[in-house]
Amino acid sequence: MKKTAYMGLFLSLALICSYIESLIPFYFGIPGVKLGLTNIVVILALYQMGCKYALTISMLRIVLAGLLFGNLFSILYSLAGGLLSFCMMALLKRTGKFRILSISAAGGIAHNFGQIVMAAVVVENLNLFYYFPLLLLAGVLTGILIGIAAQEVLLRLPKPGF
């Protein structure tokens with residue numbers, strides 16, 4: 001199977017995860033916190049296909065899911081968080097010194113930080129950063145859960161033969 005076919009498959013899975021996440025009212029007591037199911041797909045793409053393809057899948061998913069299930073602001077916040085998260089995960093993976101759980105947790109933290117920076121810019125209020133310690137905790141917890149899931153899926157996925 002070619003990389004473009006895998007890319008289409010991963011993008012479809014990411015959109016399905018986005019849709020499922022939009023239907024299930026995850027409420028962790030912290031407004032705006034989500035489990036981040038689509039990050040499983042991004043991590044799998046990063047490990048199976050490499051940075052370029054995983055980044056493309058992530059960015060396409062954000063725009064398409066925003067158009068299908070969200071709005072312009074959800075696209076804006078997701079792009080800020082998703083791009084920062086992806087860069088963090090790709091950088092940590094490239095060093096070869098971190099395991100998938102650490103990479104996923106760092107991605108969760110970076111995603112929340114990117115979103116809070118974007119929110120502070122949009123509403124022109126730096127007081128939003130007082131909210132970051134809660135988002136830090138949420139990013140670590142959800143990142144670990146997503147990392148565990150991604151690790152288990154990776155163990156069971158055949159190696160792509162490109």
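Owing to the predicted nature of the structure, the values given are computational and were not obtained by experimental measurement.
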**CA sep, side-chain torsions, deciding dist, call: Ile146, Leu35, side-chain contact (heavy atoms from CB on, under 4.5 Å)** = CA-CA 8 Å; Ile146 295 303; Leu35 188 55; 4.2 Å; yes
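- In this pair, Phe132 and Phe113 present their aromatic rings perpendicular. The plane angle is above 60°, beyond the 30 to 60° band.
- Side chain of Ser18 to backbone of Ala14: a donor-acceptor contact under 3.5 angstrom is found.
- Remark: of the listed residues Ile62, Leu83, Val63, Ile62 is the sole one forming a side-chain contact (heavy atoms from CB on, under 4.5 Å) with Ser78.
- You'll find the side chain of Phe129 reaches within 4.5 Å of the side chain of Val117, heavy atoms only.
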**Request:** Would you check, one step at a time, whether the test side-chain contact (heavy atoms from CB on, under 4.5 Å) holds for Leu92 with Ser102?
**Result:** CA-CA 9 Å; Leu92 293 178; Ser102 303; over 6 Å; no
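- In this structure, Leu126 places its CG atom where only 12 or fewer heavy-atom neighbours from other residues, nucleotides or ligands lie under 6.0 Å away.
- For the pair Leu67 and Ile75, the minimum side-chain heavy-atom distance is below 4.5 Å.
- For residues 87-100, no pair satisfies side-chain hydrogen bond (donor to acceptor under 3.5 Å, both in side chains), with sequence neighbours left out.
- Partners of Val153 by side chain to side chain contact (heavy atoms under 4.5 Å, CB included), not counting sequence neighbours, listed by chain and number: Leu44, Leu157.
- Leu91 and Met49 fall into different hydrophobic clusters, defined by Ile, Leu, Val, Met, Phe, Trp and Tyr side-chain heavy atoms under 4.5 Å apart, directly or through other members.
- Residues Gln115 and Leu135 form no side-chain contact, since every pair of their non-hydrogen atoms from C-beta on lies 4.5 Å or further apart.
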**Prompt:** How far apart are the C-alpha atoms of Ile103 and Ile43, what are their side-chain angles, what is the distance that settles it, and do they pass the side-chain contact (heavy atoms from CB on, under 4.5 Å) test?
**Reply:** CA-CA 9 Å; Ile103 291 171; Ile43 292 170; 5.7 Å; no
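- Side-chain contact between Tyr19 and Leu68 is absent, with no heavy-atom pair separated by less than 4.5 Å.
- Looking only at distances, a side-chain donor or acceptor of Asn71 sits under 3.5 Å from a matching main-chain atom of Ser74.
- At a threshold of 4.5 Å between non-hydrogen side-chain atoms, the residues Leu11 and Leu64 count as touching.
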**Request:** Kindly determine whether Gln48 and Leu154 satisfy side-chain contact (heavy atoms from CB on, under 4.5 Å), including the steps that lead there.
**Result:** CA-CA 8 Å; Gln48 291 275 313; Leu154 263 179; 3.5 Å; yes
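- By the 4.5 Å heavy-atom criterion applied to side chains, Met89 and Asn39 are counted as neighbours.
- In this structure, Ile144 and Ile148 have side chains that are in contact, with non-hydrogen atoms separated by less than 4.5 Å.
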